[in-house]
Amino acid sequence: MPLHALNDQHLDHDLATIRIKDLRLRTFIGIKDEEINNRQDVIINAVFRYRADKAVAFNHIEQALNYRTITKQVIEMVEEGHFLLLERMTREVLDLIMSHEQVLMAQVEIDKPHALRFADSVSITLSASREPHRQR
C-alpha cells in the first residue's frame, strides 16, 4: 500500500511506523440483497505512527502501542458489523485506530475483492492525523 499520507519527507526518528498487512476478514458489505445477506471477504491494510522513544529507551511493552489490541478491535468491529458502503467501513476502522491516543497519524485501505467483474478488487483509502497540516 503506498504511503501517500505517511511519507518520510520530514523524518522524525522518534516515530515508529506499524503496518498491518492483508488482514483478511469476512463481513456484511454492500447494497444488493446477496451482499446484505451473505458475508463477503475484505482485505484491510493499515499504517499508523506513534512516538516510540520510551518503548525504545526502556524496552517495556507498557511503553509501546499494542498493535495486537488494535487488530483484535478491528476484527471484532468488522466481523460483527453490517456496512452498506466501503467508505463507511473504512472510516469506522480509521476512527477506531485513531481512538488510541498514542496514534498520531493513520491510513487505512480496505479492498473488496471481486466487486467489479474485470478487476481483482475495489478499495477505499482514508487518512487521519492529529498534527496540523503544513501549508506549502
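Side chains are part of it too, since the values below use all heavy atoms of this structure and drop only hydrogens, waters and symmetry mates.
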Looking at [X] and [Y], what are the two nearest heavy atoms and their distance?
{"X": "Ala115", "Y": "Val122", "value": "CB-CG2, 3.9 Å"}
{"X": "Pro113", "Y": "Ser121", "value": "CA-CB, 3.6 Å"}
{"X": "Phe48", "Y": "Ile70", "value": "CE1-CD1, 3.9 Å"}
{"X": "Met77", "Y": "Phe83", "value": "O-CZ, 4.1 Å"}
{"X": "Glu35", "Y": "Gly30", "value": "OE1-CA, 3.2 Å"}
{"X": "Gln102", "Y": "Tyr50", "value": "O-CB, 3.2 Å"}

Under the 3.5 angstrom rule, does the side chain of [X] hit a backbone N or O of [Y] as a donor-acceptor pair?
{"X": "Asn66", "Y": "Arg68", "answer": "yes"}
{"X": "Arg39", "Y": "Glu79", "answer": "yes"}
{"X": "Ser123", "Y": "Glu109", "answer": "no"}
{"X": "Gln40", "Y": "Ile29", "answer": "yes"}
{"X": "Arg24", "Y": "Asp41", "answer": "no"}
{"X": "Thr90", "Y": "Leu126", "answer": "no"}

Between Met98 and Ile44, is there shared hydrophobic-cluster membership here, with clusters defined by ILVMFWY side-chain heavy atoms closer than 4.5 Å? yes

Q. Are Ile75 and Val103 co-members of a hydrophobic cluster defined by side-chain heavy atoms under 4.5 Å apart?
A. yes

Rounded distance [0.5 Å steps], [atom1] in [X] versus [atom2] in [Y]:
{"X": "Asn38", "Y": "Ile36", "atom1": "CG", "atom2": "CD1", "value": "10.5 Å"}
{"X": "Ile124", "Y": "Met89", "atom1": "CD1", "atom2": "CE", "value": "10.0 Å"}
{"X": "Lys21", "Y": "Ile43", "atom1": "NZ", "atom2": "CD1", "value": "14.5 Å"}
{"X": "Thr17", "Y": "Arg49", "atom1": "OG1", "atom2": "CZ", "value": "3.5 Å"}
{"X": "Thr125", "Y": "Asp111", "atom1": "OG1", "atom2": "CG", "value": "8.0 Å"}
{"X": "His114", "Y": "Lys112", "atom1": "NE2", "atom2": "NZ", "value": "12.0 Å"}

Quick check on [X]: does its [atom1] atom have over 12 non-hydrogen neighbours (other residues, nucleotides or ligands) under 6.0 Å away?
{"X": "Tyr67", "atom1": "OH", "answer": "no"}
{"X": "Ile31", "atom1": "CD1", "answer": "no"}
{"X": "Glu101", "atom1": "CD", "answer": "no"}
{"X": "Asn37", "atom1": "CG", "answer": "yes"}

Q. Are side-chain heavy atoms of Val78 and Val93 found at a separation under 4.5 Å?
A. yes

**OP:** With the side chain counted from C-beta on, respond yes when Asp22 and Asn45 share a heavy-atom pair under 4.5 Å apart, and no when they do not.
**Re:** yes

Q) If you measure from the Lys or Arg side-chain nitrogens to the Asp or Glu carboxylate oxygens, is any gap between Glu92 and Arg88 under 4.0 Å? A) yes

ask   = Stepwise, does the side chain to side chain contact (heavy atoms under 4.5 Å, CB included) test hold for Ile18 with Val47?
value = CA-CA 6 Å; Ile18 296 174; Val47 180; over 6 Å; no

